[in-house]
2 protein chains.
Amino acid sequence: MTGQVVTAELLAVVVAMVDGHPCVLTLGTPPRLPAGPLLPSHRSLQAATRAWVEEQTGRRLGYLEQLYTFADLDRESVGRRISISYLGLTTSGESGIGGWAGWYDLFAWEDHRGHAAPTDPLIGRLRAWANSDADCRDERAQRVAIDFGLDGRAWQPELTLQRYELLYEAGLVAEAPDEWRRPDAELAPGGRMLGDHRRALATGIARLRAKIGYRPVVFELMPPTFTLRQLQDCVEALSGHAVHTQNFRRLVEQQALVEETGSLLETGGRPARLYRFRRQVLAERHVAGTKLPTVRAH
Amino acid sequence: MTGQVVTAELLAVVVAMVDGHPCVLTLGTPPRLPAGPLLPSHRSLQAATRAWVEEQTGRRLGYLEQLYTFADLDRESVGRRISISYLGLTTSGESGIGGWAGWYDLFAWEDHRGHAAPTDPLIGRLRAWANSDADCRDERAQRVAIDFGLDGRAWQPELTLQRYELLYEAGLVAEAPDEWRRPDAELAPGGRMLGDHRRALATGIARLRAKIGYRPVVFELMPPTFTLRQLQDCVEALSGHAVHTQNFRRLVEQQALVEETGSLLETGGRPARLYRFRRQVLAERHVAGTKLPTVRAH
DNA sequence: GTCGCTTTTGCTCACAACTAGCATAAGGCT
DNA sequence: AGCCTTATGCTAGTTGTGAGCAAAAGCGAC
């Protein structure tokens, strides 16, 4: 009872902010995530992921956490392939191989900052899809309404994966199976990726959006010093919607997440104070919880 | 670049309430979790887990979610073994093979209901461990204080895994490496399990405790009809500490999680109304969030 | 130099949620 | 009838959060 021969692959969703845009580290065209097999030399799954990312892109990872494991049939060999995906955070600073693909170039419907929801045409197609099957119409309509914040419901940023899966089932993304696929013109706006890498990315986005609400992980994406406005912009970019500025500041300061550096940064208006992350809170609260509001503004 | 030969194993943490005690499904002595290799016949990781649990214990699983994946060296073969752990919920009703091991027989320090904290002697040993290394004394002391809710901090039920790992590092659990181990007399109270199964269980407990706070999963563990007191007892047993009765009821009713059946149950005092779970909320809120308070009482 | 624009920052109010306690209802038992 | 137990209703006090007003502090245009 030794089981099937399988190969294990590590898949890395590496996120950084590039010019204010949340991006994922990709290689080649169509874009694919850094990935590589588990080798005997690797000490652990996490170490293997770090090694592959470094080898393929020349970048060191800071924060790294496991996302999800899935198995699919391996086309190249007889066996099966197990993919273990990780979420990594880094700063875009050091140059390396590979490029940064913007989240919202891949998932245009996930950006709900300002400018009225770009999802309007999508919603129509989703509703049509829901109505196309009399048996599960109600259930589908409800999923659409919840996932996309319809009928007075709130838009929930961390439902990225559910929205992607809904679009997949509705045949509105390019990688959907042929029998479900809609004509290109109708597809949801967003570039595709190799294999199911876009799904892995959706999982990573969802996890990160959820996590910034209760763990101080945003700071992994920030430069050493920053203004509160820059921090807020980062949170808004990640969560995909605006937050109330004054409340944001209150929460950050209340929890003593940052400390002043003493210097100022000229920003076009009143100069802003520069802050740095209080590294100590990682020890204090690695575990204890941290709140950043993900509440809308104006 | 085909990678190392690995075997993939599924590991199931199956939880049910037995006579009011939260329990995990185990086999043999020392107790071990149901587990089995991934086979070609399995359609997915989740299906494989269901199949193994059913084959080994004769029980069907309802709710099932992935927990964590880890890799270790496989002693039996040349390669490596990847373990993918799942958390399953069921009702203890149907009989089958294997037994139910009480959470708090395995992790006595995790039960904080009533009776003053049973952790007192443990704390002393942890503090001694923290002080034993001058270099990292502060960091260790802080971890102990946070994980065990010392110095005015609140006890956080969902830190089960962190507490286990702290005890492991301190050599206070039987399965710790020999060089860390303390004399038997000083071990933390709680039976051991095969290999690292106790760690997997700790992961499952932590996940479940966190999840009952924002998803209606408790009901997977309840019989078809129940009183609010029984529901509360279940939540208290899982989270390991008491909750304020009136607030609990308010939250449950406010969110319309349950509906009355019309009948009553005699309980020794004033008869209690019987309720059933409103299955519809799974569709409504599979995603939308549900709150059960995990706040202390009296 | 003053006015208007921008961005930062401080403060306050209203409301919702939650903690915690009091009080009452409704049964059994002695 | 009186006491115990459990169930259930209600409310006061506190805290947390959403949202707005306003002042401070720089820049550039006129």
Side-chain angles (χ1 to χ4, degrees), chain A residues 20 112 114 152 154-157 212-214 225-236 239 241-275 288-298, chain B residues 20 113-114 152 154-157 212-214 225-236 239 241-275 288-298:
Chain A
H112 270 231
W155 168 268
Q156 299 186 70
I212 55 174
Y214 62 98
T225 75
F226 47 84
T227 68
L228 290 182
R229 164 50 62 180
Q230 288 167 342
L231 183 62
Q232 179 180 345
D233 284 340
C234 180
V235 169
E236 289 184 343
S239 73
H241 76 237
V243 311
H244 182 107
T245 306
Q246 296 92 321
N247 293 343
F248 178 80
R249 311 172 77 87
R250 179 178 45 184
L251 273 191
V252 170
E253 292 183 348
Q254 239 174 29
Q255 300 174 103
L257 294 175
V258 299
E259 61 192 2
E260 291 189 38
T261 66
S263 25
L264 296 177
L265 182 71
E266 311 217 343
T267 57
R270 169 171 171 177
R273 300 184 207 184
L274 278 169
Y275 293 84
T290 301
K291 285 187 203 166
L292 289 181
T294 302
V295 207
R296 74 176 50 91
H298 322 316
Chain B
R113 291 171 292 177
W155 167 268
Q156 299 186 69
I212 55 174
Y214 62 96
T225 75
F226 48 84
T227 69
L228 291 183
R229 164 49 63 181
Q230 288 167 342
L231 183 63
Q232 179 181 346
D233 284 341
C234 180
V235 168
E236 290 184 343
S239 72
H241 76 237
V243 312
H244 183 106
T245 306
Q246 296 90 324
N247 294 344
F248 178 82
R249 311 173 76 88
R250 179 182 40 171
L251 273 189
V252 171
E253 291 182 349
Q254 238 175 30
Q255 299 174 103
L257 294 175
V258 298
E259 61 192 3
E260 291 190 40
T261 65
S263 25
L264 296 177
L265 182 70
E266 311 217 343
T267 58
R270 168 172 170 178
R273 301 183 208 185
L274 277 169
Y275 294 83
T290 300
K291 285 187 204 165
L292 289 182
T294 302
V295 207
R296 74 174 52 91
H298 322 318

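Each chain gets a letter, A, B and so on, in the order the sequences are listed, and its residues count up from 1.
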**Q.** Euclidean distance, atom CG of residue B:Leu231 to atom C1' of D:dA7 [Å, nearest integer]
**A.** 14 Å
**Q.** Per A:Glu253 side chain, nearest of listed nucleotides C:dT8, C:dG10, D:dA7
**A.** C:dG10
Q. Can you tell me if B:Gln255 uses its side chain to pair, donor with acceptor, with the backbone of B:Leu251 under 3.5 Å?
A. yes
(Q) For a quick test of reading the model: is some side-chain N or O of A:Arg249 closer than 4.0 Å to OP1 or OP2 of D:dA19? (A) no
Q.
Using only modelled atom types and a 3.5 angstrom limit, is any donor from either the side chain of A:Arg250 or the base of C:dG10 paired with an acceptor on the other?
A. no
**Q.** Atom of A:Phe248, atom of A:Leu228 and distance for their closest heavy-atom approach
**A.** CE2-O, 3.8 Å
Q | Check: D:dA7 base within 3.5 Å donor-acceptor of B:Arg229 side chain | A | no
Q) Which heavy atom of A:Leu274 sits nearest a heavy atom of A:Leu264, and at what distance? A) CD1-O, 4.0 Å
Q: Whole angstrom is fine here: how far is it from CG in A:Leu251 over to P in C:dG10?
A: 15 Å
Q.
Expressed as a whole number of angstroms, how long is the span from B:Leu228:CG to D:dG9:C1'?
A. 13 Å
Q: Check if the side chain of B:Gln246 and the base of D:dG9 share a donor-acceptor pair of N or O atoms closer than 3.5 Å.
A: yes
(Q) I need the CD-P distance between A:Gln255 and D:dG16, as an integer number of Å. (A) 10 Å
Q. How long is the line joining CG of B:Leu265 and P of C:dG27, in whole Å?
A. 13 Å
Q: Could you tell me the separation between the CD atom of B:Gln254 and the P atom of D:dG9, rounded to a whole number of Å?
A: 13 Å
Q. What is the minimum heavy-atom distance between A:Gln232 and A:Val243, and which atoms define it?
A. NE2-O, 3.2 Å
Q) Between atom CG in A:Leu264 and atom C1' in D:dA25, what is the gap in whole Å? A) 10 Å
(Q) Can you give me the closest heavy-atom contact between B:Thr261 and B:Tyr275, atom names plus distance? (A) CG2-C, 3.7 Å
Q.
Suppose we call a contact any N or O donor and acceptor under 3.5 Å apart; does that hold for the side chain of A:Arg270 and the base of C:dT8?
A. yes
Q: Measure from NE2 on A:His244 to P on C:dT12 and round the result to the nearest Å.
A: 15 Å
